[in-house]
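In what follows, a structure is listed as structure tokens, so that the remarks can point back to it.
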Amino acid sequence: MDIQIRLARPEDLDRVIELQTQALEILSSANYNAQQIQALVTGQAAWRGRDEVIFLAESAGELVGFSGLSTQRPQITAVYTHPQFARQGIGTQILQALEAAAIEKRYPSIWVISSLTAVAFYQARGYKLLRKTGFRAEGGEWIDCVVLDKQLFSTANPAKHSTYIPLIVLMSLLIAALILALLR
């Protein structure tokens with residue numbers, strides 16, 4: 001399957017919410033009851049697209065998945081795959097696009113509050129479990145979830161993942177340029 005990944009536009013939001021609803025209703029039914037799923041659908045649809053950058057995965061013009069990265073902090077806000085296209089590598093591709101964007105923002109690590117359904121997905125891609133948690137969703141429904149994070153790059157070597165140039169290198173170049181100018 002040929003997948004194209006692009007940034008979402010405002011006119012894509014209805015399709016994003018529709019896919020999210022289908023994924024929650026079908027793929028999360030093993031971990032959550034009908035009331036919890038409905039509370040998630042309602043709550044997430046209400047704020048989807050706010051303070052996040054959304055990456056769409058499309059195949060032949062059809063939306064097959066999306067991921068979201070917070071614009072405020074190094075947090076994954078969503079990774080959803082259409083139920084008909086689950087377990088075909090689409091989630092991995094949109095997560096990789098999101099991680100690349102996080103690295104461009106120089107986030108050394110990234111975290112997610114994951115549904116129970118997606119924990120194994122994240123762990124298989126290098127995310128480490130930090131703690132079990134939960135929250136009250138629409139209608140007071142308790143939703144169990146898990147916080148995971150992943151180190152994207154080491155802060156001990158920022159030069160590897162940025163345009164960072166150590167001060168000593170800059171000073172050395174400046175001194176060398178001065179010496180060459182004096183010798184002329």
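Computed from a predicted structure; not experimentally measured.
By the side chain to side chain donor-acceptor pair (under 3.5 Å) test, T71 pairs with no residue at all, sequence neighbours left out. Annotation: salt bridge (Lys or Arg N to Asp or Glu O under 4.0 Å) contacts of E11 (sequence neighbours excluded): R9. Considering only residues two or more places apart in sequence or on other chains, R87 meets the salt bridge (Lys or Arg N to Asp or Glu O under 4.0 Å) condition with none of them.
Identified under the salt bridge (charged side-chain N to carboxylate O under 4.0 Å, His left out) test for residues 29-45, with sequence neighbours left out: none. Sorted by first then second residue, the ring pair (Phe, Tyr, Trp, His ring centres under 6.0 Å) pairs that include residues 85-104, not counting sequence neighbours, are H82-F85. A ring pair (Phe, Tyr, Trp, His ring centres under 6.0 Å) check over residues 3-44, counting only residues at least two apart or in different chains, returns nothing. Contacts classified as side-chain hydrogen bond (donor to acceptor under 3.5 Å, both in side chains) and involving residues 132-143 (residues at least two apart or in different chains) are given here: W142-D144.
Side-chain atoms of R73 and W111, non-hydrogen and from C-beta on, do get closer than 4.5 Å to each other. Counting heavy atoms from C-beta outward, L40 and I143 have side chains that approach closer than 4.5 Å. Proximity of I37 to S29: side-chain heavy atoms (C-beta onward) are separated by under 4.5 Å at one or more points. Under the 4.5 Å side-chain criterion, counting only non-hydrogen atoms from C-beta, I110 is in contact with L98. Taking 4.5 Å as the limit, some side-chain heavy atom of S114 sits within range of a side-chain heavy atom of L148. A heavy-atom distance below 4.5 Å is found between the side chains of L19 and Y80.
Applying the 4.5 Å side-chain rule to ILVMFWY residues, one finds I26 in the same cluster as L27.
Between the CG atom in L24 and the CD1 atom in I17 there is a gap of 11.5 Å [rounded to 0.5 Å]. For the atom pair CD of Q75 and CG of L69, the computed distance is 9.0 Å after rounding to the nearest 0.5 Å. Note that CG of L116 and CD of Q36 are 8.5 Å apart. Values are rounded to the nearest 0.5 Å.
Heavy atoms only, all atoms of each residue included: R106 and P108 are closest at O-CD, 3.2 Å. Across every non-hydrogen atom of A137 and A39, the tightest pair is CB-CB, 3.7 Å. In terms of heavy atoms, S109 sits closest to P74 at O-CB, 3.4 Å. Looking at every heavy atom in both residues, Y107 comes nearest to S70 through OH-O, 4.4 Å.
One hydrophobic cluster, built from ILVMFWY side chains closer than 4.5 Å, cannot hold both L95 and V147; they sit in different ones.
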Output side-chain donor-acceptor pairs under 3.5 Å for residues 121-130, partner residues at least two apart or in another chain, one line each.
| unit_1 | atom_1 | unit_2 | atom_2 | d |
| --- | --- | --- | --- | --- |
| R125 | NE | T92 | OG1 | 2.6 |
| R125 | NH1 | F121 | O | 2.7 |
| R125 | NH2 | T92 | OG1 | 2.9 |
| Y127 | OH | E99 | OE2 | 2.6 |

If you look only at distance, which donor and acceptor atoms sit under 3.5 Å apart when one is on a side chain in residues 49-68 and the other is two or more places apart or in another chain?
| unit_1 | atom_1 | unit_2 | atom_2 | d |
| --- | --- | --- | --- | --- |
| R50 | NH2 | A46 | O | 3.2 |
| E52 | OE1 | R48 | NH1 | 2.7 |
| E52 | OE1 | T77 | OG1 | 2.4 |
| E52 | OE2 | R48 | NH1 | 3.0 |
| E52 | OE2 | G49 | N | 2.5 |
| E58 | OE1 | R6 | NE | 3.0 |
| E58 | OE2 | R6 | NH2 | 3.2 |
| E58 | OE2 | R15 | NH2 | 2.7 |
| S59 | OG | D2 | O | 3.3 |
| S67 | OG | I94 | O | 3.1 |

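In this structure a side-chain-to-backbone donor-acceptor pair under 3.5 Å is missing from Q44 to V41.
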Checklist entry - Under the side-chain hydrogen bond (donor to acceptor under 3.5 Å, both in side chains) criterion, do T42 and Q38 qualify, and how do the steps go? => result CA-CA 6 Å; T42 303; Q38 187 55 49; 3.1 Å; yes
Item to check | Intermediate values then yes/no, side chain to side chain contact (heavy atoms under 4.5 Å, CB included), Q93 and I5 | outcome: CA-CA 8 Å; Q93 290 181 51; I5 297 177; 3.9 Å; yes
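Side-chain atoms of T117 and N31 form a donor-acceptor pair, as typed in the model, at a separation below 3.5 Å.
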